[in-house]
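To start, the structure under review is shown below, and the notes come after it.
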Amino acid sequence: MQRSLFIASGAALVLGACAHRPTSSRFEDLSKGGEPFRNAFNAAAGKVRIVMLVSPTCGFCLEGSAAVQNTILAHDPSSDLVPFAVWVPQLGAHRQHVASGAALVTDHRAQQYWDATGWLGDAYGRVLPTPGSAWDVYMLYARGVRWDGLVPPKPTYWMHQLAGVTIAPHLDPTVLQQHVLQLLA
């Protein structure tokens with residue numbers, strides 16, 4: 001009887017663990033435009049937001065996404081922090097590459113998107129001083145910032161991993177974490 005109870009309890013624990021696994025490898029396709037992202041961004045306007053524009057075929061982007069997950073998201077469980085990962089079609093990326101990149105951002109709060117057309121990267125490229133479409137960028141938004149116009153709002157703070165961009169610092173997850181904590185305070 002005890003053995004049956006132990007096996008049933010173990011099965012319940014495994015099923016419970018599976019039920020609480022992060023669903024971060026799921027992502028929404030933005031092939032029909034950026035409205036779903038814009039709506040989610042504005043719905044979280046009362047919270048601090050991290051927006052990562054990254055390519056699932058860029059080693060630096062994957063390292064940056066994992067660093068944000070491991071340095072910031074894994075250590076700050078605040079429900080006032082909302083991470084967005086927007087996977088963009090740089091370096092030959094296609095939809096089939098997104099799941100492996102998205103699996104690096106395991107935080108249950110993360111909202112992930114695939115921007116097949118590069119629309120969001122182009123829109124952010126008009127806001128950030130990047131050469132062309134914006135990608136491999138990590139942006140923070142303070143509470144209250146909304147996206148009301150045609151182009152996204154300028155981030156409160158941002159970092160990147162791009163060659164030739166000198167107006168913003170190169171990604172340092174520890175420094176980015178400090179800025180997150182300041183915005184959450």
Side-chain angles (χ1 to χ4, degrees), residues 22 24 26-28 30 33-55 58 60-88 90 101-102 104-115 118-162 165-185:
S24 61
R26 295 183 184 163
F27 56 90
E28 185 169 352
L30 298 177
E35 280 306 303
F37 170 75
R38 180 181 170 182
N39 292 341
F41 179 89
N42 284 339
K47 300 180 180 202
V48 173
R49 287 144 296 164
I50 298 175
V51 176
M52 299 178 280
L53 288 180
V54 286
S55 171
C58 164
F60 290 115
C61 296
L62 296 173
E63 287 176 12
S65 301
V68 168
Q69 168 61 44
N70 296 331
T71 305
I72 300 170
L73 303 178
H75 296 288
D76 194 331
S78 173
S79 62
D80 285 336
L81 179 61
V82 179
F84 295 96
V86 180
W87 300 93
V88 296
Q90 295 291 333
L104 296 173
V105 183
T106 58
D107 192 277
H108 71 279
R109 299 165 293 182
Q111 298 178 44
Q112 301 201 48
Y113 300 89
W114 164 238
D115 179 20
W119 182 86
L120 280 171
D122 291 344
Y124 274 104
R126 292 190 288 278
V127 175
L128 302 174
T130 59
S133 187
W135 63 291
D136 208 358
V137 294
Y138 307 81
M139 302 171 283
L140 300 179
Y141 287 91
R143 290 179 177 95
V145 175
R146 293 185 48 83
W147 182 350
D148 293 322
L150 293 175
V151 295
K154 184 177 178 182
T156 306
Y157 182 79
W158 69 289
M159 300 180 107
H160 67 90
Q161 297 190 101
L162 300 168
V165 175
T166 58
I167 196 159
H170 194 269
L171 179 63
D172 179 332
T174 304
V175 172
L176 192 63
Q177 180 185 37
Q178 293 167 357
H179 284 271
V180 167
L181 293 173
Q182 289 172 359
L183 291 173
L184 287 170

Please check if the side chain of [X] supplies one atom and the backbone of [Y] the other of a donor-acceptor pair under 3.5 Å.
X      : Y      : value
Arg38  : Trp147 : yes
Gln112 : Trp87  : no
Tyr124 : Leu53  : no
Arg26  : Ala102 : no
His160 : Val165 : yes
Arg143 : Leu183 : yes
Thr156 : Ala142 : yes
Gln161 : Phe60  : yes
Asp76  : Ile72  : no

Next item on the list: Taking atom OH of Tyr157 as the centre, report whether more than 12 heavy atoms of other residues, nucleotides or ligands fall under 6.0 Å from it.
Entry: yes
Check: So, is the end of the Arg49 side chain (NZ or CZ) under 6.0 Å from the ring centre of Phe41 and within 45° of the ring's axis?
Finding: yes
[X] and [Y]: which non-hydrogen atoms are nearest, and at how many Å?
X      : Y      : answer
Phe84  : Ala44  : CZ-CB, 4.5 Å
Met159 : Leu176 : SD-CB, 3.8 Å
Gly121 : Ser133 : C-OG, 3.0 Å
Gly125 : Thr130 : CA-OG1, 3.9 Å
Gly101 : Leu62  : CA-CD2, 3.8 Å
Val127 : Pro152 : CG2-O, 3.1 Å

Distance, nearest 0.5 Å, that separates [atom1] of [X] from [atom2] of [Y]:
X      : Y      : atom1 : atom2 : result
Asp115 : Leu120 : CG    : CG    : 4.5 Å
Asp136 : His170 : CG    : NE2   : 7.5 Å
Trp158 : His179 : CH2   : NE2   : 13.5 Å
Ile167 : Leu128 : CD1   : CG    : 9.5 Å
Tyr141 : Lys154 : OH    : NZ    : 10.5 Å
Gln177 : Leu73  : CD    : CG    : 10.0 Å

Notebook entry, point to check: Would you say Leu30 and Trp119 make side-chain contact, with heavy atoms under 4.5 Å?
Noted result: no
Notebook entry, point to check: Yes or no on side chain to side chain contact (heavy atoms under 4.5 Å, CB included) for Arg109 and Leu81, after CA distance, side-chain angles and deciding distance?
Noted result: CA-CA 8 Å; Arg109 299 165 293 182; Leu81 179 61; 3.8 Å; yes
Next item on the list: Only one of Val105, Val137, Val88, Val86 passes side-chain contact (heavy atoms from CB on, under 4.5 Å) with Met52; say which it is.
Entry: Val105
Item checked: Derivation of the side chain to side chain contact (heavy atoms under 4.5 Å, CB included) call for Cys58 and Gln90 -> CA-CA 8 Å; Cys58 164; Gln90 295 291 333; over 6 Å; no
